[in-house]
Structure formats: structure tokens, C-alpha cells
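The structure appears below as C-alpha cells.
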Amino acid sequence: ALQLRLVGRRWNDLEAGFYADDLERWFEVFPRSQTFVVSFDSLLLEPEATLLRLGAFLGLEGGEWARLSRQGLPWKNAQRHEGKLSVGDIDPDTCRRLASLYAPHNARLLALLSQPGSPPQQPPFPPFIAG
């Protein structure tokens, strides 16, 4: 019998960055070959190439998808607004503590995404580095 359960529920903002926890639950339901995971950096730095890879994964190559891929995505977060911080605005000790907190989770995420069975169209994930 099919059992439905909440996937990806977080109790606090810090845990929202523990992506491997969520992906492991998704991979219990969907085969790895049917999931396409993209890093935000990939979308930001190579939007057209990333969207073309996604289109190939979805079987939407060419035509309208290619036009949309060239157009890119709108970035609402790219605008400055009051209260928005950059990494340079954050206390260095806080950055070190956050890097330490996330390091094992990011290592687990990288290992999970590097396992065999990933769709061939999915961009490779480079190792995480502390900013």
C-alpha cells in the first residue's frame, strides 16, 4: 500500500540547509535516475547550460524550451533590499561556526549526489568550500 508522509519538513532555519536529509527521503520514493538535482550556483553561473540539461532530462529539448533556456530565469533575490546581508557583512566567527556546522552535512550531500545512478544530464557537483 502506498504510504504518504511529509518530505522535507524542517524545524528551524539552520536545518533547512541539511539537503541530504531531504534527498535521502525523496530517493526512497523516486529512483535516483528520475530525480534531477541542481545547485543554485549552477543556475546562477551557467543558467542556459543548466536549463538545457534540465530540458534534456525532461525530454523537452529544442523549440520553446531552448528559447526559454536562452532567456534565463528572473532573479528576484538579485535586487538590493533593506536587511539583506552579504557574506562580508557577517561576523567571521559566525561564518566559521556555520561552516563547521554544515561541513559534515555538505560532505554527505556531495557523496549522495556522486553515487551511481544519477541522470547523465545532471551537472556535476563540485566540492563545497567555506566562503
Side-chain angles (χ1 to χ4, degrees):
L2 178 64
Q3 292 183 337
L4 299 177
R5 61 190 164 115
L6 185 61
V7 176
R9 187 171 181 191
R10 293 286 173 222
W11 297 106
N12 67 52
D13 290 340
L14 289 175
E15 289 179 347
F18 299 164
Y19 300 114
D21 295 346
D22 293 327
L23 286 174
E24 285 173 342
R25 287 190 287 274
W26 281 104
F27 294 164
E28 289 174 9
V29 179
F30 299 100
R32 181 66 182 99
S33 61
Q34 292 181 3
T35 54
F36 188 83
V37 181
V38 176
S39 73
F40 181 71
D41 286 344
S42 175
L43 275 175
L44 190 62
L45 300 173
E46 300 176 320
E48 183 178 352
T50 302
L51 291 173
L52 286 172
R53 287 173 180 254
L54 175 60
F57 172 75
L58 296 171
L60 301 173
E61 298 172 271
E64 183 67 9
W65 185 264
R67 185 187 70 73
L68 290 172
S69 297
R70 283 190 303 277
Q71 182 178 323
L73 298 173
W75 301 108
K76 292 181 182 180
N77 197 30
Q79 301 170 4
R80 295 289 306 165
H81 58 83
E82 190 173 331
K84 183 175 180 178
L85 297 175
S86 69
V87 173
D89 297 328
I90 302 172
D91 176 71
D93 185 54
T94 301
C95 287
R96 281 190 293 277
R97 291 174 63 200
L98 287 170
S100 177
L101 171 72
Y102 284 109
H105 298 280
N106 288 343
R108 204 168 111 237
L109 175 62
L110 186 60
L112 183 66
L113 293 173
S114 301
Q115 291 178 355
S118 299
Q121 304 89 347
Q122 181 175 292
F125 279 77
F128 295 95
I129 56 169

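As the structure is a prediction and not an experimental result, all values here were calculated from the model.
The two atoms that bring F27 and R32 nearest to each other are CZ-CD, 3.3 Å, heavy atoms only. For the residue pair F36 and L54, the shortest heavy atom distance occurs at CD2-CD1, 3.4 Å.
Using the six-membered ring where Trp is involved, F18 and H105 have ring planes that are parallel, under 30° apart on the 30 and 60° scheme. A parallel orientation is assigned to the rings of F30 and W26, their planes being inclined by less than 30° (bins at 30° and 60°).
In this structure, CG in L51 is found 10.5 Å from CG in L58, a value given to the nearest 0.5 Å. Separating the CG atom in L98 from the CG atom in D93 is a distance of 9.5 Å, to the nearest 0.5 Å. Note: R97 CZ to D91 CG = 9.0 Å, rounded to the nearest 0.5 Å. With rounding to the nearest 0.5 Å, the separation of CD in Q115 from CG in L110 is 10.5 Å.
Judged by distance alone, with hydrogens and angles left aside, the side-chain atoms of R96 form no donor-acceptor pair with the main-chain N or O of A99 at under 3.5 Å.
Applying the side chain to side chain donor-acceptor pair (under 3.5 Å) test to residues at least two apart or on different chains, the pairs with a partner in residues 41-52 are S42-T50.
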Practice problem: List the steps, then state whether side chain to side chain contact (heavy atoms under 4.5 Å, CB included) holds for V29 with R25. | Solution: CA-CA 7 Å; V29 179; R25 287 190 287 274; over 6 Å; no
Exercise. Could you please spell out the steps behind the side chain to side chain contact (heavy atoms under 4.5 Å, CB included) verdict for L113 and V37?
Key: CA-CA 8 Å; L113 293 173; V37 181; 4.0 Å; yes
